[in-house]
Asks: 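Before anything else, here's the structure in question.
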There are 2 protein chains.
Amino acid sequence: MTPSFAELKQNLKAKNINLSFQRLKVLEYLVNNRCHPSVEQIFSDLLKELPTLSKTTVYNTLRILTETGLVRSMTIDDNETRYDINTKNHGHFKCNSCHTIYDFYVDIDNFCSDDLKNFKIENKNVYFMGICPRCLTNKE
Amino acid sequence: MTPSFAELKQNLKAKNINLSFQRLKVLEYLVNNRCHPSVEQIFSDLLKELPTLSKTTVYNTLRILTETGLVRSMTIDDNETRYDINTKNHGHFKCNSCHTIYDFYVDIDNFCSDDLKNFKIENKNVYFMGICPRCLTNKE
DNA sequence: TCCGGTAGCTGTAATCATTACAAGTTTGCA
DNA sequence: TGCAAACTTGTAATGATTACAGCTACCGGA
């Protein structure tokens, strides 16, 4: 369930979103860096390649991509929003020690509650926090 | 699973947290207002009762209460952190129309993934977004 | 080929939640 | 009673995000 760049590009065209050069680069970055980067990370990395890039453009692009549903934004206990390509059926685990965010498989689709019978659910999120294996072994 | 005020107070003493007057009031507020209030809401409501209250105190208190695990902080797609008394086994649903946050029952404890075999999980969160029944009917 | 308009990009300024800090106040304990 | 530590308060700083205004690039029609 990891959509290819070509698929995403087509998906955008179908939604009448113009793929400008800068937007292409942001999208490309998200496809190649599935590490839940922050705006700051995306911006400073792309700046090496596009010295005239504006941070505002990154914000704008991410907003557009998020609105179309191609990209998912999330804030896990941080003051920084993180972004990733929207793939289904996975939760996020954030390590409280190294702050890395891991994906893990979870069957969210079949995960519902009777309390929400009359609710229209548009978006499901699962995130855990704790210590990742790497940090656990480093402590010993 | 809604702890009483007396229980919470005892819980705090056990953790060597001094219950100052202001902290008491913040805790009391959270017990009486289980609507996931923001700092701004807590502060401005308590200000009526405690005109000398400082917003910094509210922030400090919430940090302490969160660290002890009595209070849970969450940011659902907002730029404002919300707080509630930490009760187990429930997820949050945020209405995209009226922005109300609902609790719903969910069996989080039995909700794990093989991918996280070697992770130490300290905290589990489930939140959904969509439209609540009230807003759904109002639209018609 | 030229022109006009629109969409997109850029950079600065403003906003707003949160945190840092320093000084005043209260509390607990000897 | 007095001291030290813990709390509170208010202001200033920080830092992510948004607003905005001007500039640029592209596209369609004459």
Side-chain angles (χ1 to χ4, degrees), chain A residues 9 12-13 15-29 36-68 70-84 94 99 101, chain B residues 9 12-30 36-68 70-84 94 99 101:
Chain A
K9 207 169 147 183
L12 268 185
K13 264 192 187 149
K15 297 193 180 184
N16 266 336
I17 307 292
N18 230 331
L19 260 192
S20 75
F21 184 62
Q22 286 87 343
R23 292 179 182 172
L24 213 74
K25 283 297 178 184
V26 171
L27 187 54
E28 203 178 58
Y29 185 89
H36 319 284
S38 64
V39 169
E40 187 56 42
Q41 284 175 281
I42 300 170
F43 173 67
S44 59
D45 279 357
L46 285 181
L47 206 59
K48 299 166 194 162
E49 206 180 338
L50 312 171
T52 69
L53 183 66
S54 164
K55 196 179 275 188
T56 301
T57 300
V58 178
Y59 274 106
N60 286 339
T61 301
L62 289 171
R63 185 174 43 73
I64 289 174
L65 295 178
T66 304
E67 279 169 7
T68 66
L70 273 191
V71 168
R72 166 167 302 203
S73 72
M74 52 177 175
T75 48
I76 300 193
D77 208 51
D78 261 336
N79 48 351
E80 269 191 334
T81 306
R82 310 288 205 98
Y83 296 86
D84 68 347
K94 180 178 177 193
H99 307 298
I101 295 181
Chain B
K9 207 168 147 184
L12 266 186
K13 265 193 188 147
K15 295 192 179 181
N16 267 335
I17 306 292
N18 231 332
L19 259 192
S20 76
F21 185 61
Q22 287 86 344
R23 292 179 183 173
L24 212 75
K25 283 297 178 183
V26 170
L27 188 54
E28 204 177 59
Y29 185 89
L30 286 176
H36 318 284
S38 65
V39 169
E40 187 56 41
Q41 284 174 279
I42 300 171
F43 174 67
S44 60
D45 278 358
L46 285 181
L47 207 58
K48 299 168 194 163
E49 208 180 335
L50 311 172
T52 68
L53 184 67
S54 163
K55 196 179 273 187
T56 302
T57 300
V58 177
Y59 274 106
N60 286 339
T61 301
L62 289 171
R63 185 174 42 75
I64 289 175
L65 294 177
T66 304
E67 279 169 7
T68 66
L70 274 189
V71 168
R72 166 167 301 202
S73 72
M74 51 177 178
T75 47
I76 301 193
D77 208 49
D78 262 337
N79 46 354
E80 269 190 333
T81 305
R82 310 290 203 96
Y83 295 86
D84 69 347
K94 180 178 176 193
H99 307 299
I101 294 181

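Every chain is numbered from 1, with letters handed out A, B, ... down the list of sequences.
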Asks: Quantify the bending of the helix from C:dT1-D:dA30 to C:dA30-D:dT1 as the angle between its end axes, each fitted on five pairs, to 10°.
Replies: 20°
Asks: If the condition is side-chain contact (heavy atoms from CB on, under 4.5 Å), which residues does B:T66 pass it with, not counting sequence neighbours?
Replies: B:V71, B:S73, B:Y83
Asks: So, using side-chain contact (heavy atoms from CB on, under 4.5 Å) as the criterion, who are the partners of B:D45 when residues are at least two apart?
Replies: B:Y29, B:K48
Asks: Looking at B:L47 and B:L53, what are the two nearest heavy atoms and their distance?
Replies: CD1-O, 3.7 Å
Asks: Could I get the full list of salt bridge (Lys or Arg N to Asp or Glu O under 4.0 Å) partners for A:R23, not counting sequence neighbours?
Replies: none
Asks: How long is the span from the CD1 atom in A:I17 to the CG atom in A:L65, to the nearest 0.5 Å?
Replies: 8.0 Å
Asks: Pick the nucleotide of DNA chain D nearest each of B:R23 and B:P51; which residue has the one closer to the 5' end?
Replies: B:R23
Asks: Give B:T81 one of three labels, base, sugar-phosphate or nothing, depending on what nucleic acid heavy atoms sit under 4.0 Å from its own.
Replies: sugar-phosphate
Asks: Mind calculating the distance between NZ (A:K25) and P (C:dG8) to the nearest angstrom?
Replies: 19 Å
Asks: With a 4.5 Å limit on heavy-atom distance, are the side chains of B:K55 and B:E40 in contact?
Replies: yes
Asks: Who are the side-chain hydrogen bond (donor to acceptor under 3.5 Å, both in side chains) partners of A:Q41, not counting sequence neighbours?
Replies: A:S38
Asks: A:K25: which residues meet the salt bridge (Lys or Arg N to Asp or Glu O under 4.0 Å) condition with it, sequence neighbours left out?
Replies: A:E28, A:E49
Asks: How would you list, by chain and number, every residue that makes a side-chain contact (heavy atoms from CB on, under 4.5 Å) with B:E67, sequence neighbours excluded?
Replies: B:R63
Asks: Could you tell me how far apart B:L47 (CG) and D:dT8 (P) are, to the nearest whole angstrom?
Replies: 15 Å
Asks: Partners of A:T75 by side-chain contact (heavy atoms from CB on, under 4.5 Å), sequence neighbours excluded?
Replies: A:T81, B:T75
Asks: Return a single string for nucleotides 24-30 of chain C, one symbol per nucleotide in 5' to 3' order, where B is base contact, S is sugar-phosphate-only contact and - is none, cutoff 4.0 angstrom on heavy atoms.
Replies: -------
Asks: Tell me: CG of A:L65 to P of C:dG8, nearest whole Å?
Replies: 12 Å
Asks: In whole angstroms, how far is the P atom of C:dA17 from the CZ atom of B:F43?
Replies: 12 Å
Asks: Please list, chain by chain and in numerical order, all residues satisfying salt bridge (Lys or Arg N to Asp or Glu O under 4.0 Å) with B:E80, sequence neighbours excluded.
Replies: none
Asks: Map B:I64 and B:N79 onto DNA chain D by nearest heavy atom, then report which one ends up closer to the 5' terminus.
Replies: B:I64
Asks: Heavy atoms within less than 4.0 Å of DNA chain C: which residues of residues 52-63 of chain B have one? Give them sorted by number.
Replies: B:T56, B:Y59
Asks: What is the separation between atom CG on A:L19 and atom P on D:dC26, rounded to the nearest whole Å?
Replies: 15 Å
Asks: Whether B:S20 contacts D:dT8 is assessed here as follows: a side-chain N or O lying under 4.0 Å from the phosphate OP1 or OP2. Is that the case?
Replies: yes
Asks: For B:L50 and D:dG10, what is the distance between atoms CG and P respectively, to the nearest whole Å?
Replies: 12 Å
